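Working notes, structure below.
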Amino acid sequence: MRISEILRHKGTAVTTVPPQTTVCDLLAALAAHNIGAVVVSPDGAQIAGIVSERDVVRHLHAHGAALLDRPVSDIMTARVRTCGPEDDVSSLRDVMTEHRIRHMPVVESERLIGIVSIGDVVKSEITELAAEREHLVEYLQGNY
């Protein structure tokens, strides 16, 4: 299965914030969209970074409440791993697991076109395994 298949089912909407957004406003966006990470982007297409709930917690512990007024550019991960729509889901799962990445932007022609979470990857693989199981059962029962 390809990443494009995941995006076809879940959609291509990506919540982004500009780099100057305060951490407090970031938290409001995470809560409003019920998500765990946002892409930091000056224009909604180019990727400046990614910032997650984990980033906020780690920096809040280190810097205290003053962090809430700082820009997300101070806490974002600037070196963002990305994938393409034609990448294989199982390969992406391995990369996400190995590097402990929960959210990966999908890029095509250097433009942000979607985002996948480890949950999306696991769900797609479970769906694929269930379909394979169903086909095998039908085959074994002679219902092919």
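Keep in mind that this is a model prediction, so the values were computed, not measured.
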Quiz item: Is any NZ, NE, NH1 or NH2 atom of the basic residue among Arg2 and Glu5 found under 4.0 Å from an Asp or Glu carboxylate oxygen of the other?
Solution: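 No salt bridge links Arg2 with Glu5.
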
Quiz item: Any Lys/Arg nitrogen of Lys10 or Asp120 sitting under 4.0 Å from an Asp/Glu carboxylate oxygen of the other?
Solution: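 Counted as a salt bridge, because a side-chain N and a carboxylate O are separated by less than 4.0 Å.
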
Validation row: [X], [Y] side chains within 4.5 angstrom (heavy atoms):
X: Glu86; Y: Ile3; answer: no
X: Asp87; Y: Leu92; answer: no
X: Pro105; Y: Val14; answer: no
X: Ile113; Y: Val106; answer: yes
X: His9; Y: Thr127; answer: no
X: Asp94; Y: Glu98; answer: no

Self-check item: Check: Gly119 main-chain N/O paired with Ser117 side-chain donor or acceptor under 3.5 Å
Solution: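 Yes, the answer is positive, given that a donor and an acceptor are paired below the 3.5 Å cut-off.
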
Quiz item: With sequence neighbours excluded, what pairs up with Arg102 under the salt bridge (Lys or Arg N to Asp or Glu O under 4.0 Å) test?
Solution: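 Per chain and number, Arg102 pairs via salt bridge (Lys or Arg N to Asp or Glu O under 4.0 Å) with no residue.
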
Quiz item: Which pairs pass salt bridge (Lys or Arg N to Asp or Glu O under 4.0 Å) with one or both residues in residues 32-56, sequence neighbours excluded?
Solution: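 Not a single pair qualifies under salt bridge (Lys or Arg N to Asp or Glu O under 4.0 Å).
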
What closest approach, in Å, do [X] and [Y] show between heavy atoms, and which atom pair accounts for it?
X: His103; Y: Gly36; result: CE1-C, 4.0 Å
X: Arg81; Y: Met104; result: O-CG, 3.3 Å
X: Val107; Y: Pro85; result: O-CD, 3.6 Å
X: Met96; Y: Val116; result: CE-O, 4.0 Å

Atom [atom1] of [X] and atom [atom2] of [Y]: how far apart are they, to the nearest 0.5 Å?
X: Ser41; Y: Arg111; atom1: OG; atom2: CZ; answer: 8.5 Å
X: Cys83; Y: Asp88; atom1: SG; atom2: CG; answer: 11.0 Å
X: Ile126; Y: Arg133; atom1: CD1; atom2: CZ; answer: 13.5 Å
X: Ile115; Y: Ile47; atom1: CD1; atom2: CD1; answer: 8.0 Å

Practice problem: Is it possible for you to say whether Ile6 and Ile101 belong to one hydrophobic cluster, with membership spreading through side-chain heavy-atom contacts below 4.5 Å? | Solution: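 Result: yes, single cluster for both.
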
Quiz prompt | Residues forming a side chain to side chain contact (heavy atoms under 4.5 Å, CB included) with Glu132, sequence neighbours excluded | solution =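 Here the qualifying residues are Glu128, Leu129.
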
Quiz item: With sequence neighbours left out, what residues match Glu125 under side chain to side chain contact (heavy atoms under 4.5 Å, CB included)?
Solution: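 In terms of side chain to side chain contact (heavy atoms under 4.5 Å, CB included), with neighbours along the sequence ignored, Glu125 is linked to Val89, Ser90, Arg93.
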
Practice problem: Linking directly or through intermediates, with side-chain heavy atoms under 4.5 Å: list the remaining ILVMFWY members grouped with Val51, chain and number order. | Solution: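 Hydrophobic cluster check, Val51: joined to Val17, Val23, Leu26, Leu27, Leu30, Ile35, Val38, Val40, Val56, Leu60, Leu67, Leu68, Val72, Ile75, Met76.
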
Exercise. Quick one: list whatever passes side-chain hydrogen bond (donor to acceptor under 3.5 Å, both in side chains) with His61, sequence neighbours left out.
Key: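 Checked His61 against side-chain hydrogen bond (donor to acceptor under 3.5 Å, both in side chains); zero matches.
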
Quiz item: With a cut-off of 6.0 Å (strictly less than), are more than 12 heavy atoms of other residues, nucleotides or ligands near CZ of Arg70?
Solution: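 Enclosed: over 12 neighbouring heavy atoms sit under 6.0 Å from CZ of Arg70.
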
